[in-house]
Each structure stands twice: as structure tokens, then as C-alpha cells.
Amino acid sequence: MSPAFFVGEPIMFETEQQQVEQQILAFCKENGLPEPKLTWGWIPFNGHWGTSTSFFQLASQAAREAGQKVNVSEKANELAERIAAYLGTPAGFERVEAVKGYLNLYFSTAGYAQRVVDAVLEQGKDFGGGARRGERVMVEFSQPNTHKAFHVGHLRSAILGDALCNILEASGYDVVRANYPGDMGLHVIKWLWNYMKHHVGEKPENDITRWMGSLYAEANDRLAETPEFEAEVRALYGRWDQRDPEVVELWKETRQWSLDGFTQMYNELDIHFDRYYFNSEEEKPGKEIVNELIEKGIAQDERANDGPVIVKIDEQLGLTKDKYRVMVVLRSDSTALYATEDLALAKQKFIDYPDMVQSFYVVDVRQSLHFQQVFKTLELAGYEWAQRCQHVVYELVTLPGNVILASRDGNVVLLEDLIREATERALAVVEEKNPDLDSEQKQAVARAVGIGAIKYPMLARENAKMVTFDWKSALDFNGQAAPYIQYAHVRANSILRKAGGVVPASRAFDYEMATSEMQLVDLISRFPNEVQRAAAELKPLQIANIAYDIAQTFTSFYNECPVLQVEEPVRSSRLRLVAAAKQALANSLALLGITAPEAM
RNA sequence: GCCCUUGUAGCUCAAUUGGAUAGAGCGUUUGCUUGCGGAGCAAAAGGCUAGAGAUUCGAGUUCUCUCAGGGGCACCA
């Protein structure tokens, strides 16, 4: 996807900016200077608000063309000063200055602030979103294994994928949210084996996923104690392969228990899917693709010599160094493996949605090579859509000491425990801070705060950086965290409520705006750009950052600027700004999949 | 051995995609509540951006190498 957006450019003020640009071009022409490539950014905030460009490139370019050696920073500053003088005070700006080679143009705050605030309030929950592109993308994420526990290690794909969907949707794409549960494999057979032997007739009650996970751990324990049982497991796998009705029926029933448990947790997390693909459904089509690869001469069938079916990708591409290496696409016993199924799944997605411009896979970094192999193999097979497949890489969630969570062992932090702890903790705080709320409201707030506190740290860092889970920081509601942003939203709401819930009509900010007030408008105006950038880079981090920045600046504003007590007409302008800030906070939190409560 | 990835304040992370004096939170220290909600605010202290070269007017950011961590590399998922 090409990043068709403008970084750092205040998109709301294109007209004024373009006019200035024309004048600068005219200046260059008149003075025999080369045509500059101007990039606009914001001024490091110093209490005023504006846009800025620099002339270092122009200075060095001019010197090069003239064959002269110059001190570029001096020359750039000289140019900035001459251009500042040439421009005078352009329409829409109240001041122009030249500093260290930069040309700073300060906005006329009265009209600009009004324009920003009006735009936010007119667009409401759509503020920040881009025009519909009429293009579809799919995001596959979460991919839980049935018959296993769901622990905090599984959480990042779910949270990251959900936020990416929200962001892509807001940026203008039509998004298909896809899940791909691992509903068959050795882990399932082991589970069934244990169930048939020791738990026949039992059913999960309320805590489904925990129960499913505990039986899986138990199966592993029994097999570790008595390795001879492996034969029984293999025999059961054989019965599955033959589609023994008893096994298939039990599998269907127990699989559904897991899926029901997942749905419960997705509901708790407020995460939803449009489309489910199942591992078990891709087995047969996968084998068909493998046959096709063999026929096309891409795959080599070594089964005659007790070997698997493989694709020597590097050899196919004529590469001398190891890059894609060799991918096994079918086991020597002709059973399917993960790669077999992923080949079929990629194809199935484009059969279902042929118009997709991108097919994303939110899967942890350990599978990078695997996906490169799958996509490259499909490309070799002549599927042009293979180039539209992209692995969205993220790092693992580990426990302190770099311990990887494994469902097999008991060292996991279960998602249901995390959610319960977080919401209970949040409930205790609400009881203390806001005892007047009724119990239903307190529950809702506790849920919003608890879930937000879980989600935010997973989103507020680079995808490629590890998250270390520990209870202390997971349950810390202070500082740079979701509750801080939610609290800013609550305070904004509180002011509006006390004002009678009526937002005054549009008006100019024709008074001396306070520093934090201007900065708040500035940050809000950047939000639409950040949405586009987050979508182009597939980085919810951008949204987590701007959300926090807006919250922090709103809090400064809250402390510095009285709203309800101040005289008119300042009161009306500020009330509108508060409403706009509240909207911006709510919208940014929504993109992160976090609820913005009205009180807390 | 090859490939990918990370290294920024004591700790956890940012940094307008190559720009102005590298910023937040936690922790530490000191203040702030008869102000719109203190889940907060103000301030102090804390940095040779792992190291060395290169490109550039300009590098935390790009390239090369070194060091250190993590991951992956034939029938697990």
C-alpha cells in the first residue's frame, strides 16, 4: 500500500498553505533560484500555533547549481528572512518569522480555531475518518486454538488486529475482519484422547475456556508421565483421518464449546469478526493445491522415497544465498500440515473476496519465514493476488525474565483471570472515587477502565517490540495509560453536562487564547492525518500517541482555562472547544477499541 | 553459518519518517485541593541515543562493520 497522505501537513489549511507556496515559487523565479520542494511541518510548540518549512535544501541546491561553496545554514536563514520580508503577512496568518533557516507562519487563531472546532463538531464520530476508497481489505487476526486455554500471550493479535481494523475502516477501506481458529491438529487429538479416557460425559459450565485449557494441560501431563500412551493418541489420530463418526461427533461438540468460550471473551473485549475460516476446512483444498504445485513442477514429490512434498523456493528463484529456503507442503504420510492449509486459505480468501486490495495476516514474528514461503510459493504458482498478501508482524507477549507463555505448561496468565482482576480493581477505584453512581453504571465503568487498561499498553508501542506482562503494570491505572485518557474525556463531559448539555453555536476564537488552548486545537487538527498514517503504516501506536497527547493537553487546558466561570463570549468558544476535545478523545479511543465513559 | 528483529533517562516507552534545545510515564525529591472531578497539576533531578566509520548543509532516524539481546532456518503450529 502506498502511503498516499501528507505527513505533518495540517490538512485543514491547504488553501492558505498553497497560496504561500505559490508566492515562494514566485520569489524563487524572480531571484533566479531553483524551484524548491517545500515540505510543511508544524512548529515545535512554543506557545503559538502555525506551520513551518525550511530552506536548507534550496540553499544547498542553489549553491550546487552555481558551483559555489556556501555555509548552508547561513544561506538558508538568509533565504528565510528574505522570503519572510517578501511575503509580508499573507492572508490567514497573523505573523511570519524566519528562524535558523526555517520560515514559521503563525495562524490567525480566531478563524482557524473556529474552523477546526466546527469541523469536529459537524463530523462528530466521523471526525478523523477519511473518504471512502471503495477498496476492500481483509485482516485475519486472533487465530485461537480450540481445545486450549486463551492466555495473555494470545491477546496481542486480537487487540492489535481489532485496532487495525478500526483504523483501516476509518481511513476509508472496507474491512473484512477474519478469524482463523486452529480447530484440528495434534493438540485437539490429545485433548479428545484425554476426554474419552477420563472425562466422558462431562460438560463445561460457565468458565469454558479455562476448563478446556485445563483438560489440555492434563492430557500433556498424562502423556509426559506415561509416554506409552502416545500410541493411543496416534491411533485416535488415525480414526480422525478415517472420519470415524464417533470421533467426528465428539470433535464437533467439543470444538463448539471452545468457540462458545472464545465468543464470550471476544464479547468481553468488544472484539467482533465478520468471517470465520477454520483450519479443518482447508485440509482438502490444501492437498489439491499441493497436487497442482507438483503438476506445475514447482513442488517436488519425494514420497516415493519416504520423503515429504517440498518446494525449493530459493532454487526456483535462482537465489544463491538462503532466503526462502525449503518449505514442506505435505508430510511424507500425505497428511496436511499448517503450510498446506495456509496455501489453501490464502486462495480461499481471494475466491470469497476477489476485489481485495490487501490481505493482512496479524501473526507473531516467529512465523515470518513461514508466510514469506507461503506467499512466494503462491506467486511462483502464478497467483497474481499473492503479492497482495502481507504478514503484519508483531512481537510476543512474554512474562518477566523473557518467559514465553505456553498452554502446555501451567505458567500461563489466563485472559479470563486478567479481565476479572482488572475490572475488579477498576470497580474498587470507582467505588472510592464516585460512590454516587448506581451499581450498573459502576460495573460499566469498571469494564471500560479495566479493558482499556489491558488494551492500551499492547497498542502504545511499536508492533515489533516485545510486551512484557506483569500484574503490577497491567493493573496500574495511573500515568500514560487508557484511564488517563478516559479521565480527560470524563472531565470534558462533566463540564458540558454542567453547562446544560447544550453546545453554543459556532463562533470565532476572537480573544487572546491561552497556550494550552491553542495547543489543544493544534493537536485536534492533526488527528485526521494520524489516522491516515496509522492505516498506511499499520501502526495503532500513532493513534495511542495522539490520544494521549490530546488528553494531556486537554488536562493542561482544564487547569489553565476556566470554562463555566469565564465571561462571555470566551465561555461559548471554550465550551465548543471542550466538546471538540471530547469528541476527538472519544474517536481516538474508539479506534483503539477502548470505551470512553461519560463518568468514572 | 544464513536471514529477520531490537538496543534512546535507573525502569517502560515516544520522537512530526533526514530537521529547530531528543520528550512522556513509572520511580526519586519538592510544592499544589473552601476552584469545571486530585484516576489530577506544577517543578526538580536524570542522556556521548550500545560502539566505530560513511552519506548529508544537517543523522536517534539512511548505509557498512563491530558488540549485546530476541526470534527463525525440512515434514510443530
Exercise for the section: For Glu431(A), enumerate each residue passing the side chain to side chain donor-acceptor pair (under 3.5 Å) test, keeping only those at least two apart in sequence or located in another chain. Expected result: Lys442(A)

Short N/O separations, protein against nucleotides 6-8 of chain B, under 3.5 angstrom:
{"residue": "G7(B)", "atom": "OP1", "partner": "Lys465(A)", "partner atom": "NZ", "Å": "3.2"}

Fill in the blank from the handout: As its Watson-Crick or G-U partner within any shown strand, both distances under 3.5 Å, C48(B) has none

Exercise for the section: Name the pairing partner of U21(B), where a pair is Watson-Crick or G-U wobble with both distances under 3.5 Å, or state none. Expected result: none

Handout entry: Toward the 5' end of RNA chain B, by each residue's nearest nucleotide, Pro44(A) or Lys323(A)
Key = Lys323(A)

Between the protein and nucleotides 58-67 of chain B, are there any N/O to N/O pairs under 3.5 Å, and if so, what are the atom names and distances?
none

Exercise for the section: Apply the test salt bridge (charged side-chain N to carboxylate O under 4.0 Å, His left out) to residues Arg366(A) and Asp364(A): give CA-CA distance (whole Å), side-chain angles for both, the deciding distance (0.1 Å), then the verdict. Expected result: CA-CA 6 Å; Arg366(A) 291 174 299 183; Asp364(A) 78 62; 3.2 Å; yes

Exercise for the section: Cation-pi check, Arg156(A) to Tyr394(A): give yes when NZ or CZ is under 6.0 Å from the six-membered ring centre and within 45° of the ring axis, no otherwise. Expected result: no

Practice task
Please list all pairs passing the salt bridge (charged side-chain N to carboxylate O under 4.0 Å, His left out) test where one or both residues lie in residues 454-463 of chain A, with sequence neighbours left out.
Solution key: Glu462(A)-Lys539(A)

Practice task
Under 4.0 Å between any heavy atoms, over every strand shown, what does Asn104(A) touch: base, sugar-phosphate, or nothing? Just pick one.
Solution key: base

Exercise for the section: Check every strand shown and say whether Thr468(A) touches a base, only sugar-phosphate, or nothing at a heavy-atom separation below 4.0 Å. Expected result: nothing

Practice task
Starting at the 5' end of nucleotides 25-37 of chain B, put B wherever the base has a protein heavy atom under 4.0 Å, S where only the sugar-phosphate does, and a dash everywhere else.
Solution key: SS--------SBB

Practice task
In plain terms, say whether Asp301(A) and Arg303(A) are close enough for a salt bridge, that is, a side-chain N and a carboxylate O under 4.0 Å apart.
Solution key: yes

Handout entry: Salt-bridge contact Asp183(A)-Arg255(A) (side-chain N to carboxylate O under 4.0 Å)
Key = yes

Problem - Between G70(B) and A74(B) - C1' atom distance, rounded Å - result: 23 Å

Practice task
For RNA chain B, find the residues of residues 307-318 of chain A with a heavy-atom distance under 4.0 Å and give them by number; none if there aren't any.
Solution key: Pro308(A), Ile310(A)

Fill in the blank from the handout: For Gln373(A) and Tyr324(A) the tightest heavy-atom approach is NE2-O, 2.8 Å

